[in-house]
Amino acid sequence: MPTRSALRNDCPQPDSFHEMWRQLLPVGRNSASGGYRRFAWTGADADCRDWFREQARRRGLTYEVDRNGNQWAWLGDPAEGDAVVTGSHLDSVPDGGAFDGPLGVVSAFAALDELRRRGVRPTKPLGIVNFGDEEGARFGLACVGSRLTAGALTVDQAHRLTDADGITLPQAMETAGHDPDAIGPDPVRLGRIGAFVELHVEQGRALDLTGDRVGVASAIWPHGRWRFDFHGEANHAGTTRLADRHDPMLPYAETVLAARREAEQAGGVATFGKMAVEPNGVNAVPSLVRGWLDSRACDQESLDAVVGGVERAARAYAADHGVQLDVERESFTPVVEFDHALRDRLARILGKDAGLKVPVLGTGAGHDAGILAGRVPTAMLFVRNPTGVSHSPAESAAEDDCVAGVLALADVLEGLAAP
């Protein structure tokens with residue numbers, strides 16, 4: 001029977017988690033910022049992939065890389081079908097934290113070790129996956145590996161992705177030793193999966209506020225990215241009268257403030273976190289200011305209210321300053337409701353012996369699990385984040401909470417793969 005102590009305060013300490021965490025911690029870390037720069041198909045990414053392959057080898061698992069560059073480690077033959085899969089990603093946002101993504105992969109291997117310690121013999125194939133390019137830090141689109149696999153990103157669209165240096169995704173993949181001509185939907189692989197469970201550090205403070213170590217996800221908020229291009233007129237900063245300027249920086253700045261107001265009114269979130277300026281000179285009025293809006297809300301109506309309000313305000317500000325505005329939606333993910341039956345089963349598994357009610361919570365962050373949810377029964381586990389900070393070097397989780405996550409995941413895998 002499962003040893004379900006994951007929700008209690010007296011968790012044992014699986015040594016394998018700490019050992020793996022120490023091994024992975026230095027990879028791709030920037031000494032100046034303390035954050036991580038593990039971008040897709042770079043040297044740091046290759047080091048992470050080598051680490052994953054080595055963990056699979058040490059455990060005698062069958063290792064493979066699929067057509068889209070995602071890594072898999074298997075206990076049992078996935079061709080038997082109804083496989084139970086867990087995992088996450090190893091790449092990062094620019095100067096991101098240590099936990100977002102890697103916690104789910106390290107915990108997956110540690111949970112398998114825990115099952116073996118318990119003497120559990122799964123009756124279904126058990127898989128661990130590292131999805132490639134989840135964060136989209138290099139090519140500007142999140143969840144590329146899982147999107148390609150699920151058919152949510154076409155081959156043509158993928159081939160057009162470029163990084164800041166003009167290197168295309170196919171070029172980067174080929175340089176890293178992967179065949180870019182092989183990418184595309186993988187329905188056979190997805191058809192073999194009976195359940196996918198992704199463990200992730202919570203990107204918020206809901207669990208900290210309730211005092212719970214581990215929670216179950218209910219849904220992912222609808223979210224997207226919009227590019228706002230403010231086209232003005234370049235001119236000399238020292239000789240051009242204020243009244244004669246068509247300065248795109250001014251309506252952009254007002255739009256940033258408008259985004260905050262609209263989000264507060266609709267109960268969502270909105271962030272202009274990236275911008276580009278041309279010609280980008282200290283003594284020049286800009287000709288172009290380009291800003292990217294990230295917005296999320298608990299439902300589609302609220303998200304539409306936020307983005308619509310921001311665009312209306314931006315167009316009014318642009319007109320006031322004699323500036324042209326173009327708005328383009330670059331990506332969008334509708335609300336994702338995780339499989340209710342699987343979600344409820346996880347809650348029952350985790351709460352059975354502990355005698356505790358497992359918190360169920362939504363999230364505004366996107367995940368590979370959200371991409372797969374339309375094709376495979378999918379669920380998520382969250383591990384407490386005491387500060388709620390994520391996508392930052394300050395991202396954190398206590399060791400005891402991480403171990404609680406490992407034990408919770410082991411309980412779930414045992415309940416699903418060895419019922």
Side-chain angles (χ1 to χ4, degrees), residues 93-94 135-137 139-144 147 152-154 157 160-162 164 203-204 219-235 242-243 245-280 284-336 362-367 370-371 390-391:
V93 298
E135 295 290 8
F139 297 102
L141 179 66
C143 301
V144 170
R147 284 181 191 271
L153 176 67
T154 69
Q157 289 170 332
R160 291 196 297 270
L161 294 175
T162 60
Q203 295 169 290
I220 297 177
W221 288 7
H223 56 279
R225 298 177 182 180
W226 289 261
R227 193 184 75 232
F228 285 63
D229 291 348
F230 294 86
H231 300 272
E233 181 179 88
N235 218 324
L242 296 180
R245 299 185 181 199
H246 301 283
D247 185 350
M249 187 63 75
L250 298 177
Y252 172 70
E254 291 174 308
T255 300
V256 172
L257 297 175
R260 176 61 178 260
R261 292 195 302 270
E262 295 294 333
E264 288 178 336
Q265 292 174 10
V269 292
T271 308
F272 276 99
K274 177 182 176 180
M275 65 177 294
V277 182
E278 296 178 9
N280 203 27
V285 176
S287 60
L288 170 68
V289 174
R290 173 171 290 152
W292 282 264
L293 171 69
D294 179 298
S295 188
R296 307 160 193 242
C298 61
D299 55 53
Q300 188 62 53
E301 182 179 359
S302 299
L303 180 61
D304 290 342
V306 175
V307 177
V310 173
E311 182 172 348
R312 285 191 298 273
R315 293 197 181 282
Y317 296 142
D320 289 343
H321 293 282
V323 169
Q324 178 184 339
L325 172 64
D326 295 323
V327 179
E328 180 177 346
R329 188 180 78 179
E330 292 192 336
S331 67
F332 174 73
T333 302
V335 63
V336 175
T363 177
H367 301 279
I371 302 299
S390 187
H391 284 191

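- Screening Asp247, Val277, Val289 for a side-chain contact (heavy atoms from CB on, under 4.5 Å) involving Tyr252 leaves a single residue, Val289.
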Side chain to side chain contact (heavy atoms under 4.5 Å, CB included) between Gln203 and His367, intermediate numbers included:
CA-CA 11 Å; Gln203 295 169 290; His367 301 279; 3.3 Å; yes
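- A donor-acceptor pair under 3.5 Å is absent between the side-chain atoms of His321 and the main chain of His246, judged by distance alone.
- Applying the ring pair (Phe, Tyr, Trp, His ring centres under 6.0 Å) test to His223 and every residue at least two apart in sequence or in another chain returns nothing.
- The distance from the CZ atom of Phe228 to the CE atom of Met275 is 13.5 Å, given to the nearest 0.5 Å.
- The shortest distance between side-chain heavy atoms of Arg315 and Val327 falls below 4.5 Å.
- With a 4.5 Å cut-off on side-chain heavy atoms, Asp326 and His231 count as touching.
- Take Arg290 and apply the salt bridge (charged side-chain N to carboxylate O under 4.0 Å, His left out) test, not counting sequence neighbours, and it matches Asp229.
- Under the 4.5 Å side-chain criterion, counting only non-hydrogen atoms from C-beta, Pro279 is in contact with Ser287.
- Under the side-chain hydrogen bond (donor to acceptor under 3.5 Å, both in side chains) criterion, Asp294 pairs with Arg296, sequence neighbours left out.
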Throw together a table of side-chain donor-acceptor distances under 3.5 angstrom for residues 260-274, partners on residues two or more places apart or in other chains.
unit_1 : atom_1 : unit_2 : atom_2 : d
Arg260 : NE     : Glu264 : OE2    : 3.0
Arg261 : NH2    : Tyr317 : OH     : 2.9

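- Two residues are said to be in side-chain contact when any heavy atoms from C-beta on lie closer than 4.5 Å; Val144 and Phe139 fail this criterion.
- For Glu328, the salt bridge (charged side-chain N to carboxylate O under 4.0 Å, His left out) test picks out Arg227, with sequence neighbours left out.
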Given the rule in the side chain to side chain contact (heavy atoms under 4.5 Å, CB included) test, do Glu233 and Gln324 qualify, once you have shown the distances and angles that lead to the verdict?
CA-CA 10 Å; Glu233 181 179 88; Gln324 178 184 339; over 6 Å; no
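- The shortest side-chain heavy-atom distance between Phe332 and Leu303 falls under the 4.5 Å cut-off.
- Taking the side-chain hydrogen bond (donor to acceptor under 3.5 Å, both in side chains) definition, one finds that Asp299 meets it with Ser302, sequence neighbours left out.
- In this structure the side chain of Thr333 never reaches within 4.5 angstrom of the side chain of Ile220, judged on heavy atoms.
- The main-chain N or O of Val307 is never found under 3.5 Å from a side-chain atom of Ser295 such that the two would form a donor-acceptor pair.
- Here CD of Glu278 is found 4.5 Å from CG of Leu288. Values are rounded to the nearest 0.5 Å.
- Side-chain atoms of Glu330 and Trp292 form a donor-acceptor pair, as typed in the model, at a separation below 3.5 Å.
- In this structure, the side chain of Arg225 does not engage the main chain of Arg329 through any donor-acceptor pair within 3.5 Å.
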